[in-house]
Amino acid sequence: MYQDEVILCAASAYEEKYYLNEDFANLPSGVKDELKVMCTLYTMDIGGILEVYYDEEGNLHFRTTAREGDFSYDEIGSVLKIKQLRTEKRDLLESLEMYFRVFFLGEEYGE
């Protein structure tokens, strides 16, 4: 079904906007709120753009980018913040991976 990566959500410090892929509109509102807070706080702290996406196997990844010449973007802080998010949001991220594998990739629960 999915051959490439699929964006779950993203936030931009430049446009001060948050995006949730409409394919995930059926997620519980609490999960959607938690993703929004996580992404927007990241961009407020670090700057740039944060994308949370699935690879073709259903693993979640973080990707950050900054505009060329953006000296306010904290590249070192970005690495540390993503490490912190992976630790603090571990249960959420694992649940989202399972959700994607079951509902989008068609895997059986518990595979």
Side-chain angles (χ1 to χ4, degrees):
M1 179 184 238
Y2 290 94
Q3 298 297 323
D4 296 315
E5 63 188 43
V6 175
I7 300 291
L8 170 61
C9 57
S12 170
Y14 305 115
E15 278 85 40
E16 296 182 356
K17 289 188 179 178
Y18 170 77
Y19 164 79
L20 176 68
N21 184 335
E22 60 189 41
D23 289 344
F24 298 94
N26 290 333
L27 284 172
S29 59
V31 171
K32 292 190 281 190
D33 291 344
E34 195 168 349
L35 287 170
K36 183 176 185 176
V37 168
M38 179 182 79
C39 291
T40 54
L41 285 178
Y42 171 93
T43 56
M44 288 173 60
D45 290 346
I46 304 299
I49 299 168
L50 174 67
E51 295 175 304
V52 181
Y53 68 95
Y54 293 98
D55 65 19
E56 61 277 351
E57 295 174 1
N59 301 305
L60 268 178
H61 300 275
F62 293 87
R63 177 174 38 232
T64 65
T65 54
R67 291 182 178 162
E68 190 172 328
D70 180 359
F71 298 111
S72 65
Y73 176 73
D74 184 357
E75 194 168 340
I76 295 170
S78 172
V79 173
L80 297 173
K81 187 71 168 179
I82 287 173
K83 210 178 258 194
Q84 176 187 2
L85 290 174
R86 287 193 178 281
T87 301
E88 292 178 359
K89 304 292 184 184
R90 181 180 189 157
D91 290 341
L92 171 68
L93 299 175
E94 287 176 356
S95 296
L96 287 166
E97 286 177 342
M98 179 60 69
Y99 176 87
F100 185 78
R101 288 179 178 135
V102 170
F103 292 102
F104 289 80
L105 298 180
E107 292 182 10
E108 294 293 320
Y109 180 76
E111 275 188 19

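Here the structure is a predicted model, which means the values were calculated and not measured.
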For side-chain contact (heavy atoms from CB on, under 4.5 Å), just list the numbers for Glu5 and Arg63, CA-CA rounded to whole Å, side-chain angles, deciding distance to a tenth of an Å, and then say yes or no. CA-CA 12 Å; Glu5 63 188 43; Arg63 177 174 38 232; 2.5 Å; yes

Should Tyr54 and Leu96 be marked as a side-chain contact (heavy atoms from CB on, under 4.5 Å) after you check the CA-CA gap, both sets of side-chain angles, and the distance that decides it? CA-CA 10 Å; Tyr54 293 98; Leu96 287 166; 3.5 Å; yes

How far apart are the C-alpha atoms of Phe104 and Phe24, what are their side-chain angles, what is the distance that settles it, and do they pass the ring pair (Phe, Tyr, Trp, His ring centres under 6.0 Å) test? CA-CA 10 Å; Phe104 289 80; Phe24 298 94; 4.8 Å; yes

Test log, rule side-chain contact (heavy atoms from CB on, under 4.5 Å), inputs Asp70 and Tyr14: CA-CA 10 Å; Asp70 180 359; Tyr14 305 115; 2.5 Å; yes

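In this structure, Tyr19 has no side chain to side chain donor-acceptor pair (under 3.5 Å) partners at least two apart in sequence or on a different chain.
Both Phe100 and Val52 are assigned to one and the same hydrophobic cluster, defined by single-linkage of ILVMFWY side chains at heavy-atom distances under 4.5 Å. Linking Ile, Leu, Val, Met, Phe, Trp and Tyr residues whenever their side-chain heavy atoms come within less than 4.5 Å leaves Leu20 and Ile7 in two separate clusters. Tracing side-chain contacts under 4.5 Å through hydrophobic residues (I, L, V, M, F, W, Y), one never reaches Tyr53 starting from Leu92; they form parts of separate clusters.
Closest non-hydrogen pair, Leu8 versus Leu60, comes out as CD2-CD2, 4.1 Å.
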Listed pairs under 3.5 Å, donor-acceptor, residues 78-85 side chains, sequence neighbours left out:
residue: Ser78; atom: OG; partner: Tyr42; partner atom: OH; Å: 2.6
residue: Ser78; atom: OG; partner: Thr64; partner atom: OG1; Å: 3.4
residue: Ser78; atom: OG; partner: Tyr73; partner atom: OH; Å: 3.3
residue: Lys81; atom: NZ; partner: Asp45; partner atom: OD2; Å: 3.3
residue: Gln84; atom: NE2; partner: Glu88; partner atom: OE2; Å: 2.9

Distance-only criterion, 3.5 Å: show the donor-acceptor pairs between side-chain atoms of residues 25-36 and protein atoms not counting sequence neighbours.
residue: Lys32; atom: NZ; partner: Ala25; partner atom: O; Å: 2.9
residue: Glu34; atom: OE2; partner: Lys89; partner atom: NZ; Å: 3.2

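Its side chain within the 4.5 Å cluster rule, Leu41 clusters with Val37, Met44 among the Ile, Leu, Val, Met, Phe, Trp and Tyr residues.
In this structure, Asp74 CG and Ile46 CD1 are separated by 5.0 Å, a value rounded to the nearest 0.5 Å. Atom OG1 of Thr65 is separated from atom CD1 of Ile49 by 4.0 Å, given to the nearest 0.5 angstrom.
Residue pairs meeting the salt bridge (charged side-chain N to carboxylate O under 4.0 Å, His left out) criterion with at least one member in residues 90-101, sequence neighbours excluded: Arg90-Glu94. Applying the salt bridge (charged side-chain N to carboxylate O under 4.0 Å, His left out) test to residues at least two apart or on different chains, the pairs with a partner in residues 8-22 are Glu15-Arg67.
Stacking of Arg86 on the aromatic ring of Phe62 is not recorded, the 6.0 Å distance cut-off and the 45° axial limit not both being met.
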